[in-house]
Undergrad: 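Submitted below is the structure of interest, expressed as structure tokens.
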Amino acid sequence: MKRFVPLTITFFVGTLLIFSVFIPPMETLGENFTLFFDIIAVFAFFLGGGNLIRVHFTKISRKKEDWPFSFVTIFGFLFMLAAGLFKIGNPGDIASSVTAPDSLFEMVYRAVFVPLGSTMYALLAFFVASASYRAFRAKNREATLLLIAAFIILLGSTPFGTMLTSWVPELMSVLQIPNLAVWIMSSPNLAGQRAILIGIGLGVVSISLRLILGLERTYLGDDGA
Amino acid sequence: MKKSTIIIFALVVLVFIASWILKGSTNEGDSPYLQGFLVTLAAFLTLAIMSFLYKDNPYYKFAEHLFVGVSAAYWMCLGFWSTIVGNLIPRLSRGMSDFFQVPYIEGDYNFFFVIPIIFGVLLLMRLSPKGGWLSRWPLAFIVGTTAGLNFVRYLRSDFIKQIYSTIIPLVVEWKGFGAFFSDFTLSATGQLALMGTNIVIFIGVICGLIYFYFSKEHTGLFGRASRVGIWILMITFGASFGYTVMGRISLLVGRITFLFKDWLEIIN
């Protein structure tokens with residue numbers, strides 16, 4: 001029961017979705033299954049929220065390291081949840097969008113979610129810079145190629161790069177750094193990306209088949225093996 | 001708690017309140033103090049995250065924990081309103097559709113939409129110590145759907161389309177030998193650059209694939225092709241790296257612009 005039912009569900013759903021591409025009357029079924037997937041994914045969000053609350057309450061009750069900050073997480077979660085689910089301060093009625101301007105949900109999104117999210121990602125610029133200082137040493141031919149490509153792409157996106165090679169005549173304009181950056185992106189970079197994509201495509205197809213046929217069972221946990 | 005920590009905290013609170021009042025009094029339009037509070041809050045949270053560059057500290061931890069809570073609720077609310085209210089309720093109940101003011105969708109097989117609800121509830125069983133194993137059923141559905149959809153999607157977009165786009169003419173816009181050699185310059189829009197692009201793509205993809213083929217030893221001609229494949233991949237990684245750094249830098253510029261323009265109003 002613990003293994004047979006999940007394996008049967010995976011086989012049935014996977015096979016049905018593959019067949020739905022080849023048999024036009026089954027297309028609607030494929031679309032509905034995609035909707036089912038989206039609905040279950042929302043329940044997964046609820047599960048995530050429930051788990052978040054449980055983890056942080058446990059942290060508070062056991063007074064683990066940094067436990068006072070768990071109150072911040074719980075407060076932020078409940079506040080945003082209430083603002084979004086009850087559409088607090090929403091200028092329209094219940095039919096208006098949850099992200100309507102000047103609603104509490106939108107305000108928290110604008111003043112908390114956006115600055116925190118974008119600054120987190122922006123912070124990576126510093127770590128990437130320090131990592132590249134260590135990694136970008138022209139130790140051999142391959143590392144030199146990586147270094148030159150990155151350098152040209154970085155320079156090509158700045159006015160300094162344009163200024164540096166603006167003297168290059170039109171007949172040799174491919175050697176101007178911005179043009180060279182575009183050429184790298186649309187030629188060798190595209191070739192490399194394509195080779196990787198073809199590999200990914202083959203990998204996804206084979207792992208999908210393994211999952212559908214029940215050869216890959218790691219998602220079932222310990223009992224699946 | 002150290003005395004210096006308390007002093008720093010008091011200073012931060014003071015600066016926050018001063019900024020709020022100042023922004024509120026200088027703002028124009030509706031509810032200036034509310035807008036002033038929002039801009040000040042956004043600025044302080046931005047600085048709290050940036051303070052991690054110095055070292056891990058309570059302000060960063062506060063911002064980090066707040067982000068976790070707010071983002072979890074954000075995605076939950078969006079999922080509820082767009083998927084549950086937008087797609088599920090209009091297919092299941094006319095009364096609920098009227099309540100949420102969404103148009104009811106007529107259909108002969110709408111009762112099938114009870115299935116994702118059952119699976120969804122089973123997924124929540126993961127929180128229960130005894131019935132946790134039941135959550136494998138919806139997980140199996142998710143895995144099956146992903147496998148079924150990706151099987152065809154990746155075969156089309158990442159395999160067939162990529163190979164199709166690689167089989168391209170190596171000599172582009174052929175207008176005869178005379179025209180070809182008269183346009184034999186290094187111009188970015190010239191014949192040579194266009195040809196170079198297609199040749200590099202064609203050879204690059206083949207050599208890249210050869211590098212990923214491990215069933216034959218990389219020696220001789222095969223080894224040399226594999227070597228070219230490595231070079232192409234190295235240029236790809238370098239270009240991707242440069243592109244990612246540029247993206248992060250532009251985000252950083254955006255945050256710094258926010259601090260100096262919207263909050264401090266030093267720059268226009």
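By convention in this document, chain letters (A, B, ...) are assigned in the order of the sequence lines, proteins followed by strands, and residues within each chain are numbered from 1. Bear in mind that the values here come from a model prediction, so they are computed numbers and not experimental data. FYI, side chains are in, hydrogens and waters are out, and symmetry mates aren't considered; it's all heavy atoms of this structure.
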Undergrad: Is B:Lys61 paired with A:Glu65 through a side-chain N to carboxylate O contact shorter than 4.0 Å?
TA: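 Result for this pair is no, no salt bridge flagged.
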Undergrad: Would you say B:Ser71 and A:Phe113 make side-chain contact, with heavy atoms under 4.5 Å?
TA: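 A side-chain contact exists here, since the closest heavy-atom pair is under 4.5 Å.
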Undergrad: For B:Phe212, is it the side chain, the backbone, both or neither that has a heavy atom under 4.5 Å from a heavy atom of chain A?
TA: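 Just its side chain gets close to chain A.
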Undergrad: Start with the C-alpha distance between A:Ile200 and B:Phe159, add both sets of side-chain angles, then the distance that settles side chain to side chain contact (heavy atoms under 4.5 Å, CB included), and finish with yes or no.
TA: CA-CA 8 Å; A:Ile200 290 174; B:Phe159 190 70; over 6 Å; no
Undergrad: Step through the shown structure and confirm whether more than 12 heavy atoms of other residues, nucleotides or ligands are within 6.0 Å of OH on B:Tyr54.
TA: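 No, not enclosed.
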Undergrad: Once you round to the nearest 0.5 Å, how far does CG of B:Asp158 lie from CG of A:Leu202?
TA: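 Answer rounded to 0.5 Å: 9.5 Å.
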Undergrad: Select one option (side chain, backbone, both, neither) describing which atoms of B:Tyr213 are under 4.5 Å from chain A's heavy atoms.
TA: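 For B:Tyr213, neither part sits under 4.5 Å from chain A.
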Undergrad: More than 12 heavy atoms of other residues, nucleotides or ligands under 6.0 Å from CZ of A:Phe11: is that the case?
TA: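 Counting neighbours around CZ of A:Phe11, 12 or fewer heavy atoms of other residues, nucleotides or ligands fall under 6.0 Å, so no.
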Undergrad: For B:Asn87, is it the side chain, the backbone, both or neither that has a heavy atom under 4.5 Å from a heavy atom of chain A?
TA: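 It is the side chain, since no backbone atom gets that close.
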Undergrad: Any chance CG of B:Asp30 has more than 12 other-residue heavy atoms, nucleotides or ligands included, within less than 6.0 Å?
TA: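 Result for CG/B:Asp30: open.
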Undergrad: Among A:Leu81, A:Val108, A:Thr73, which one satisfies side-chain contact (heavy atoms from CB on, under 4.5 Å) with B:Val70?
TA: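 Checked A:Leu81, A:Val108, A:Thr73 against B:Val70; only one passes side-chain contact (heavy atoms from CB on, under 4.5 Å): A:Val108.
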Undergrad: Between B:Tyr74 and A:Phe105 (judged by ring centroids, cut-off 6.0 Å), do the two rings come close enough to count as a pair?
TA: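 Yes, ring centres under 6.0 Å apart.
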Undergrad: Can you tell which part of B:Val102 gets under 4.5 Å to a heavy atom of chain A, answering side chain, backbone, both or neither?
TA: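 Interface part for B:Val102: neither.
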Undergrad: Between A:Val13 and B:Gly144, what is the shortest heavy-atom contact and its length?
TA: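 Residues A:Val13 and B:Gly144, closest heavy atoms: CG1-C, 3.9 Å.
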Undergrad: For B:Ile230, is it the side chain, the backbone, both or neither that has a heavy atom under 4.5 Å from a heavy atom of chain A?
TA: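 B:Ile230 touches chain A through side-chain heavy atoms alone.
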Undergrad: Can you find a pair of side-chain heavy atoms, one from B:Arg156 and one from A:Val21, that are under 4.5 Å apart?
TA: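 Contact flag for B:Arg156/A:Val21 side chains = yes.
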Undergrad: Kindly compute the distance separating CG (A:Leu155) from CE (B:Met246), expressed to the nearest 0.5 Å.
TA: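 Interatomic distance, A:Leu155 CG to B:Met246 CE, rounded to 0.5 Å: 9.5 Å.
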Undergrad: Is the OH atom of B:Tyr164 crowded by more than 12 outside heavy atoms at less than 6.0 Å?
TA: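 It does not: B:Tyr164 OH has 12 such atoms or fewer within range.
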Undergrad: So which atom in A:Pro188 and which in B:Ile232 form the shortest heavy-atom distance, rounded to 0.1 Å?
TA: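 That closest heavy-atom pairing would be O-CG2, 3.6 Å.
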Undergrad: Count the heavy atoms of every other residue, nucleotide or ligand shown that sit under 6.0 Å from CZ of A:Phe127, and state whether that count exceeds 12.
TA: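 Enclosed.
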Undergrad: At a heavy-atom separation under 4.5 Å, does B:Phe241 approach chain A through its side chain, its backbone, both, or neither?
TA: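 Looking at B:Phe241, just its side chain touches chain A.
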Undergrad: So does B:Leu251 get a backbone contact from the side chain of A:Ser118, meaning a donor-acceptor N/O pair under 3.5 Å?
TA: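 Here the side-chain-to-backbone pair does not exist.
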Undergrad: Which heavy atom in A:Leu154 sits nearest to a heavy atom in B:Gly242, and how many Å separate them?
TA: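 Scanning both residues, the minimum pair turns out to be CD2-O, 3.6 Å.
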Undergrad: Distance from A:Leu197 atom CG to B:Gln162 atom CD, nearest 0.5 Å?
TA: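 A:Leu197 atom CG to B:Gln162 atom CD measures 5.0 Å (nearest 0.5 Å).
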Undergrad: Counting only non-hydrogen atoms closer than 4.5 Å, does B:Leu209 touch chain A with its backbone (N, CA, C, O), its side chain (CB onward), both, or neither?
TA: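 For B:Leu209, heavy atoms of backbone and side chain both lie under 4.5 Å from chain A.
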Undergrad: Near A:Met172 CE, under 6.0 Å, is it more than 12 heavy atoms from other residues, nucleotides or ligands?
TA: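 Not more than 12 within 6.0 Å, no.
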Undergrad: Quick one: what part of A:Leu85 sits under 4.5 Å from any heavy atom of chain B, side chain, backbone, both or neither?
TA: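 Both parts, backbone and side chain.
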Undergrad: So do B:Ile84 and A:Phe43 actually touch side chain to side chain, heavy atoms under 4.5 Å?
TA: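 Heavy-atom side-chain distance check passes, below 4.5 Å.
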Undergrad: Given the rule in the ring-ring contact (aromatic ring centres under 6.0 Å, His included) test, do B:Phe141 and A:Phe37 qualify, once you have shown the distances and angles that lead to the verdict?
TA: CA-CA 8 Å; B:Phe141 183 88; A:Phe37 178 87; 7.7 Å; no
Undergrad: Do the side chains of A:Tyr219 and B:Ile142 get nearer than 4.5 Å, heavy atoms only?
TA: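 No; the side chains remain at least 4.5 Å from each other.
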Undergrad: Under a 3.5 Å distance rule, please check whether B:Arg248 uses its side chain to pair with a backbone N or O of A:Leu123 as donor and acceptor.
TA: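 No, because the side chain of B:Arg248 does not come within donor-acceptor range (under 3.5 Å) of the backbone of A:Leu123.
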Undergrad: Heavy-atom cut-off 4.5 Å, strictly under: side chain, backbone, both or neither for A:Phe46 against chain B?
TA: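 It is both, since atoms from each part get that close.
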Undergrad: Which heavy-atom pair separates B:Cys77 from A:Met80 by the least distance, and what is that distance?
TA: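 In terms of heavy atoms, the two residues are closest at SG-O, 3.9 Å.
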Undergrad: Using non-hydrogen atoms and a 4.5 Å limit, figure out which bit of A:Asn51 sits close to chain B: side chain, backbone, both or neither.
TA: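 When you check distances to chain B, atoms from both the backbone and side chain of A:Asn51 fall under 4.5 Å.
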Undergrad: So which atom in B:Ile235 and which in A:Ala149 form the shortest heavy-atom distance, rounded to 0.1 Å?
TA: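 Distance-wise, the nearest heavy atoms are O-CB, 3.6 Å.
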Undergrad: Would a distance-only check, ignoring hydrogens and angles, find a side-chain to backbone donor-acceptor pair under 3.5 Å from A:Arg141 to B:Trp231?
TA: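 Flag not set: sc A:Arg141 to bb B:Trp231 has no pair under 3.5 Å.
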Undergrad: Take A:Val128 and B:Thr244 through the side chain to side chain contact (heavy atoms under 4.5 Å, CB included) test and state the conclusion after the steps.
TA: CA-CA 9 Å; A:Val128 165; B:Thr244 310; 5.7 Å; no
Undergrad: Mind checking whether B:Arg136 and A:Ile9 have side chains closer than 4.5 Å, heavy atoms only?
TA: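 They are not in side-chain contact.
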Undergrad: Would you indicate whether B:Phe52, at its atom CZ, is surrounded by more than 12 heavy atoms from other residues, nucleotides or ligands within a distance under 6.0 Å?
TA: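 Yes.
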Undergrad: Taking the side chain as every heavy atom from C-beta outward, state whether B:Leu78 and A:Thr99 have any atom pair closer than 4.5 Å.
TA: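 Contact flag for B:Leu78/A:Thr99 side chains = yes.
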Undergrad: Let me know if B:Ile206 has heavy atoms under 4.5 Å from chain A in its side chain, its backbone, both or neither.
TA: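 Neither; nothing under 4.5 Å.
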Undergrad: Under a 4.5 Å heavy-atom cut-off, does chain A meet the side chain of B:Leu124, its backbone, both or neither?
TA: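 Both backbone and side chain of B:Leu124 come within 4.5 Å of chain A.
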Undergrad: Quick one: CG on B:Asn198 to OG on A:Ser187, what's the gap to the nearest 0.5 Å?
TA: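 One gets 8.0 Å once the value is rounded to the nearest 0.5 Å.
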Undergrad: Under the side chain to side chain contact (heavy atoms under 4.5 Å, CB included) criterion, do A:Thr34 and B:Thr145 qualify, and how do the steps go?
TA: CA-CA 7 Å; A:Thr34 314; B:Thr145 314; 5.5 Å; no
Undergrad: Which of parallel (below 30°), tilted (30 to 60°) and perpendicular (above 60°) describes A:Phe36 and B:Phe113?
TA: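 Rings of A:Phe36 and B:Phe113: perpendicular, as their planes differ by over 60°.
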Undergrad: Assess whether atom CZ of A:Phe79 is packed by more than 12 heavy atoms of other residues, nucleotides or ligands within 6.0 Å.
TA: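 For A:Phe79, atom CZ is not crowded (no more than 12 foreign heavy atoms under 6.0 Å).
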Undergrad: How close do A:Phe69 and B:Pro58 get, counting heavy atoms only, and between which atoms?
TA: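 In terms of heavy atoms, the two residues are closest at CE2-O, 3.4 Å.
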Undergrad: Looking at A:Arg210, A:His56, A:Met120, which has the largest count of heavy-atom pairs under 4.5 Å with chain B?
TA: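 Heavy-atom pair counts peak at A:Met120.
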Undergrad: If you round to the nearest 0.5 Å, how far is CD1 of B:Ile249 from CG of A:Leu124?
TA: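 Atom-to-atom, A:Leu124:CG and B:Ile249:CD1 are 11.0 Å apart.
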Undergrad: Supply the atom-to-atom distance B:Thr236 OG1 to A:Met185 CE, rounded to the nearest 0.5 angstrom.
TA: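 Reported to 0.5 Å precision, the distance equals 9.5 Å.
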Undergrad: Does B:Arg227 reach the side chain of A:Glu142, with side-chain heavy atoms less than 4.5 Å apart?
TA: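 In contact.
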Undergrad: Answer yes or no: is there a side-chain heavy-atom contact under 4.5 Å between A:Ile94 and B:Phe99?
TA: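 Contact flag for A:Ile94/B:Phe99 side chains = yes.
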